[in-house]
Q: 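A single structure is presented below for examination.
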Amino acid sequence: MLIVAEKRSVAQAIAKYLATSYSYFKISGVMAYRFKYKDRQAVSLGLSGHILDFDFPQELNKWNALEPVELFDKITVLVPRDETIKYLYALRALARDEDEVYLALDADSEGEAIAYEVVLQVRAVNPRARFKRVRFNAVTKKDIVQAFERPVELDLKVVEKVFARMVSDLTIGAAFTRLLTLAVREVDNKALPFGKFLSYGPCQTPVLGLVVSRELERLNFKPEEYYVVKGIVETEAGSFEARSRPFKAREEAEAAVRAARVSLGKVIEARFEETRVKPPAPLDTVELERRASKWLNIRAKAALDTAEELYRRGYISYPRTETTIYPPTLDLRAVLEELTNTQFGQYAERLLRGPISPTRGNSDDRAHPPIYPTRGATKAEVERALGTRAWKLYEFVVRHFLATLSPPAIVERQRIAVAFGPLVLEAEGRRIIERGYWEIYPYEEEEDRRLPRVQAGVWARMVSAKIEKKKTEPPPRMSESELLRLMKKYGIGTDATMQDHIHTNVIRGYMRIVGGRCVPTKLGMTLASSLMNHARPIIDPTVRSKMEAALQDIAVGRADVKKVLETIRGEFKTFYKGLYEKRQEIARELVKVLREETRNGPRSDV
DNA sequence: GCAAGGTC
């Protein structure tokens with residue numbers, strides 16, 4: 001029997017869990033595992049994701065051979081992927097003599113589609129082959145043994161959905177990319193350097209739209225002046241600085257201060273409330289990326305790449321996960337034990353002495369656990385193996401893991417308001433009672449800035465008061481962390497691809513990331529603005545989730561794949577026509593920016 | 001040469 005998994009680690013786990021011993025061998029450069037299962041010879045092979053891809057027939061890939069709009073009515077074909085061709089060869093070679101093939105791909109939609117790709121490839125070399133689908137929700141012995149006891153059928157509806165998404169994305173992406181690129185060339189065929197094109201994609205472009213919308217908000221922002229009164233307030237319990245609400249005009253502020261000077265001061269509010277600051281939930285991919293971008297100055301793309309390396313070397317668990325609940329099968333104590341021989345050893349030992357109660361998020365992808373350290377390592381070791389950035393990220397994963405097992409921080413939130421006649425001055429402070437998880441998780445630690453413990457009703461004196469002139473500030477540039485949050489909210493991309501969509505915009509020259517913030521280039525601003533003006537729905541942040549919802553109907557049998565594809569194609573064809581009408585106007589704008597770029601290099605707008 | 005989704 002032949003068993004096909006989505007990745008090498010799972011193929012190996014299957015061999016380990018189904019047999020008492022196994023051996024490994026290489027076939028066309030790919031690792032495979034041999035073992036005995038129920039008295040039969042078994043081989044398990046791990047792929048590297050998809051092995052086939054959709055493309056247009058060759059003659060349609062000459063961009064000048066047809067109007068891009070015609071792509072909406074063309075068929076696409078499944079072709080082997082060059083990058084993973086060795087996996088395909090290995091599969092064919094092993095499948096020739098195996099009549100039973102177990103499809104042990106991940107238990108998600110993509111896994112179902114990859115399973116079908118495997119079926120197609122195996123059938124091509126072995127028409128006798130029979131197929132069984134095994135689905136396991138976690139790569140543990142229990143789940144895997146159970147899955148092989150109870151094989152199921154391949155869900156072709158889910159396969160249809162994934163293939164429909166692949167076809168839609170290719171068609172839409174190709175049509176709009178070619179339209180934009182060819183329109184620019186028509187106006188000035190030297191505006192784009194050789195090999196460069198202007199891309200559109202149903203994920204990358206709405207992402208650009210989010211960043212550009214923020215930039216436009218900034219550019220259109222009209223700052224307003226306002227005035228605040230800052231005063232030093234003295235009470236019998238001590239003195240502190242407090243400030244007023246904003247005044248629109250200086251005269252108002254001055255009048256309030258004049259009135260305050262001749263008024264008796266009185267504390268009208270004094271709140272001292274003990275609150276608990278809970279440690280973070282177990283770590284998923286998007287939070288890893290957001291926190292790396294915010295606190296470690298590591299871009300999301302670099303964070304996932306680095307996490308991947310750490311995973312491959314055995315330092316951390318699989319980094320592509322949406323799960324924020326530790327599975328019961330994960331031995332948290334054993335992980336702590338593993339960390340005892342590192343610089344976090346004392347802290348880990350302290351946690352080991354008490355009961356273990358981890359925090360809990362609210363999502364479970366039923367495929368992978370949250371990200372946690374799988375090996376205790378020293379700084380020197382990780383740095384030697386993978387560099388400084390890897391250490392920074394590994395250290396973060398360890399600290400995050402320890403934080404999820406730690407007690408909350410306890411903070412007293414303080415608020416005091418004092419009235420001097422009509423002028424009210426307010427102050428906020430905090431007193432740290434217990435640092436809790438902050439001890440191991442300094443990224444979130446708050447400073448102790450306590451106010452004197454006064455009581456409501458006591459008298460107060462204004463020692464000094466000054467009026468400060470201020471200006472309202474535009475919103476800051478979109479941070480990468482915020483962008484990831486919005487992408488998740490709008491359902492743009494998956495946990496494993498979100499950082500790619502940001503990165504594509506960087507590669508295409510539409511934006512840069514500076515100090516964790518997204519700065520659109522002039523090209524990005526111009527492209528996004530044109531689409532907002534002439535094809536609004538295709539850059540709208542909700543375009544992706546609407547498409548996904550339509551596709552999901554195929555998977556659950558509510559809709560026919562042909563009809564859904566027809567609808568999607570039809571809608572985008574309409575948007576295409578609207579954009580096509582304006583293509584020269586848009587292209588002229590883009591050419592202007594592109595010419596500037598060739599002279600000066602890519603520029604940011606501000 | 002176009003996309004997004006797996007995976008390394």
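Each chain gets a letter, A, B and so on, in the order its sequence line appears, and its residues count up from 1. Below, all heavy atoms of this structure are taken into account, side chains as well, without hydrogens, waters or symmetry copies.
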Q: Under 3.5 Å, is there any donor-acceptor pair linking the side chain of A:Asn61 to the base of B:dC2?
A: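 Yes, a donor-acceptor pair under 3.5 Å.
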Q: State whether a side-chain donor-acceptor pair under 3.5 Å links A:Thr504 with A:Gln204.
A: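 Judged by distance alone, the side chains do not pair up.
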Q: Between the base of B:dC2 and the side chain of A:Ser199, is one N or O donor paired with an acceptor at under 3.5 angstrom?
A: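 Such a pair does not exist between side chain and base.
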Q: Run the side-chain donor-acceptor check on residues 530-537 of chain A: report pairs under 3.5 Å with partners two or more places apart or on a different chain.
A:
residue, atom, partner, partner atom, Å
A:Ser530, OG, A:Thr526, O, 2.8
A:Asn533, ND2, A:Ser529, O, 3.2

Q: Just jot down the side-chain hydrogen bond (donor to acceptor under 3.5 Å, both in side chains) partners of A:Ser479, sequence neighbours excluded, or say none.
A: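 So A:Ser479 forms no side-chain hydrogen bond (donor to acceptor under 3.5 Å, both in side chains) with any residue.
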Q: Is the phosphate of B:dG6, meaning OP1 or OP2, less than 4.0 Å from a side-chain N or O of A:Thr494?
A: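 It does, given that an N or O in the side chain of A:Thr494 lies less than 4.0 Å from OP1 or OP2 of B:dG6.
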Q: Does A:Asp108 have any side-chain hydrogen bond (donor to acceptor under 3.5 Å, both in side chains) partners at least two apart in sequence or in another chain, and if so, which?
A: none
Q: Has A:Trp63 got its ring stacked on the base of B:dG1, with centres under 5.5 Å and planes less than 30° apart?
A: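 Stack criterion met.
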Q: Can you list, in residue-number order, the parts of residues 560-585 of chain A that come under 4.0 Å of DNA chain B, counting heavy atoms only?
A: none
Q: Would you say A:Tyr318 reaches B:dT7's phosphate, i.e. side-chain N/O to OP1/OP2 under 4.0 Å?
A: yes
Q: Using the test ring-ring contact (aromatic ring centres under 6.0 Å, His included), find all partners of A:His400 that sit at least two apart in sequence or belong to another chain.
A: A:Phe396, A:Tyr441
Q: Run the side-chain donor-acceptor check on residues 84-95 of chain A: report pairs under 3.5 Å with partners two or more places apart or on a different chain.
A:
residue, atom, partner, partner atom, Å
A:Thr84, OG1, A:His50, O, 3.4
A:Arg92, NE, A:Gln121, OE1, 2.9
A:Arg92, NH2, A:Gln121, OE1, 2.8

Q: A:Arg320 has a side chain; which of B:dC2, B:dG6, B:dT7 sits nearest to it?
A: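 From the listed options, B:dT7 comes nearest.
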Q: Side chain of A:Phe197: nearest nucleotide among B:dC2, B:dG6, B:dA3?
A: B:dC2
Q: For residues 6-13 of chain A, run the donor-acceptor check on the side chains, cut-off 3.5 Å, and write out each pair with its distance to 0.1 Å, sequence neighbours left out.
A:
residue, atom, partner, partner atom, Å
A:Glu6, OE1, A:Asp106, N, 3.1
A:Lys7, NZ, A:Asp106, OD2, 3.0
A:Arg8, NH1, A:Gln12, OE1, 3.1
A:Arg8, NH1, A:Tyr33, OH, 2.9
A:Ser9, OG, A:Tyr311, OH, 3.0
A:Gln12, NE2, A:Tyr22, OH, 3.1

Q: If you check the A:Asp53 side chain, which of B:dC8, B:dG6, B:dA4 turns out closest?
A: B:dA4
Q: Give, ordered by number, those residues of residues 180-187 of chain A having at least one heavy-atom distance below 4.0 Å to an atom of DNA chain B; if nothing qualifies, reply none.
A: A:Thr181, A:Arg185
Q: Considering only residues two or more places apart or on different chains, which pairs with a residue in residues 563-576 of chain A satisfy side chain to side chain donor-acceptor pair (under 3.5 Å)?
A: A:Asp73-A:Lys573
Q: Pair up each side-chain donor or acceptor in residues 578-587 of chain A with any protein partner under 3.5 Å, not counting sequence neighbours, and list the distances.
A:
residue, atom, partner, partner atom, Å
A:Arg583, NH1, A:Tyr580, O, 3.3

Q: Surrounding NZ of A:Lys488 (heavy atoms of other residues, nucleotides or ligands, distance under 6.0 Å), is the total greater than 12?
A: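 Atom NZ in A:Lys488 is crowded, with more than 12 foreign heavy atoms closer than 6.0 Å.
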Q: Hey, can you pull the residues of residues 153-179 of chain A with a non-hydrogen atom under 4.0 angstrom from DNA chain B?
A: A:Arg165, A:Met166, A:Asp169, A:Leu170, A:Gly173, A:Ala174, A:Thr177, A:Arg178
Q: Could you work out, with side-chain hydrogen bond (donor to acceptor under 3.5 Å, both in side chains) as the rule, every residue matching A:Arg214, not counting sequence neighbours?
A: A:Glu482
Q: Which part of the nucleic acid, if any, lies within reach of A:Asp55 when heavy atoms closer than 4.0 Å are counted: base, sugar-phosphate only, or nothing?
A: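 Result for A:Asp55 = base.
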